[in-house]
Engineer: 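Please read through the structure below; I'll follow up with questions.
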Amino acid sequence: VERDLRTLEEVREAIATLAVRGAPAIGVAAAMGLVTSLAPHAAEDLGPFRARVKAHARALGAARPTAVNLAWAMRRMVVRAENEAEPRAASGEARELLSALRDEATAILEEDRAMCEAIGRHALPLVPDGARVLTHCNTGALATAGIGTALAAVYLAHAEGRRVRVVACETRPLLQGSRLTAWELAQAHIPVTIIADGAAASLLAAGEVDVVLVGADRVAANGDVANKIGTYALALAAERHRVPFYVCVPWSTIDPATPDGAAIAIEQRPADEIRQVAGVPVSPAAVHALNPAFDVTPGGMITGIVTDRGVHRTPYRFQ
Ligand code: MRU
């Protein structure tokens, strides 16, 4: 589904309701959305316009708390607005600043594309001919501006003629695995099998998985990783059965300002996402439900963190 988003509220709502989701994609969408939301105000004086840039960036940045790419992209846009405004202020209007912000958003998008390719190249040796890859949530083209993070290596391996098979956890409660990962891979003619999240440990135990590849929403300075709820359970099972567990992220997902996983804000989503399946109630309406959207996997359990700069190994020290 393609949606045309222009106003601040349209973009904020699309991010908050996961119409656009995936850490890199929401950073790119927010940067682009910030520009479109500012466009009607280009005739304002620079002072009020710069205040508006900050206010819009704050509103978009608050749409979801866990993926650092969103805050990172908004901070980058605000810094560009601050640095760009004075020297170009001849007319007093904000038109030139708006154009600079459009350039910055485009750069964020293009850099994300390039980072996806680089992640894929660094992770390619993890996906040899015949590899059986287990993944969680959606980390492909629908989650980024490019070919994805964890799925980038799968796409590149397939393009090279390697026979790759993917097992995708359905990813309750919003089913990004069944709805997005399975759809993307089927479009690309890459064999994919969806499983209930609870089936993953038994597949790992049975030796039916060669490598686990997942993405992340934030990587703390010590390598602790926040990713879609259920990732930690996969890491525990992979460690128990000695299956390599890799996290693939662009550098924009690394957050050196967050010392460890305990400092990462975990998004709590509406209880009805648990009480319902695809909008159909399946439990007593009043039953208490908990819906954390992400969990934290300790860096020490992660075989390697693949970024666009290479493969990083424990002990992680991101700066
Ligand atoms: O709630 P979502 O669908 O935005 O969660 C997305 C994930 O957890 C992804 O694994 C993560 O953002 C990495 S995407 C390349």
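Keep in mind that this is a model prediction, so the values were computed, not measured. Atoms within each ligand, like the ligands themselves, are counted from 1 in listed order.
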Engineer: Tell me the salt bridge (charged side-chain N to carboxylate O under 4.0 Å, His left out) pairs involving residues 176-203, sequence neighbours left out?
Structural biologist: none
Engineer: Holding to side chain to side chain contact (heavy atoms under 4.5 Å, CB included), I want the full list of residues that pass it with Ala23, two or more places apart in sequence or in another chain.
Structural biologist: Ala67, Asn69, Asp217
Engineer: What residue pairs, at least two apart or across chains, pass salt bridge (charged side-chain N to carboxylate O under 4.0 Å, His left out) with a residue in residues 243-272?
Structural biologist: Arg64-Glu267, Arg218-Asp255, Glu267-Arg269, Arg269-Glu273, Asp272-Arg275
Engineer: Look at the aromatic rings of Trp251 and Phe318 and report parallel, tilted or perpendicular, splitting at 30° and 60°.
Structural biologist: perpendicular
Engineer: Assess the side chains of Thr307 and His122: does a donor N or O sit below 3.5 Å from an acceptor N or O?
Structural biologist: no
Engineer: Pairwise, report which nitrogen or oxygen atoms of ligand 1 are under 3.5 angstrom from protein nitrogen or oxygen atoms, and how far apart they are.
Structural biologist:
residue	atom	partner	partner atom	Å
ligand 1	1 (O)	Arg64	NH1	3.4
ligand 1	1 (O)	Arg64	NH2	2.8
ligand 1	1 (O)	Lys228	NZ	2.7
ligand 1	3 (O)	Arg21	NE	2.8
ligand 1	3 (O)	Arg21	NH2	3.2
ligand 1	3 (O)	Gln176	NE2	2.8
ligand 1	4 (O)	Gly22	N	3.0
ligand 1	4 (O)	Arg64	NH1	2.8
ligand 1	8 (O)	Asp217	OD1	2.9
ligand 1	8 (O)	Asn227	OD1	3.2
ligand 1	8 (O)	Lys228	N	3.3
ligand 1	10 (O)	Asn227	OD1	2.7
ligand 1	12 (O)	Ala23	N	2.8
ligand 1	12 (O)	Asp217	OD1	3.3
ligand 1	12 (O)	Asp217	OD2	3.0

Engineer: Hey, is CZ on Arg240 packed in by over 12 heavy atoms from elsewhere, all under 6.0 Å?
Structural biologist: no
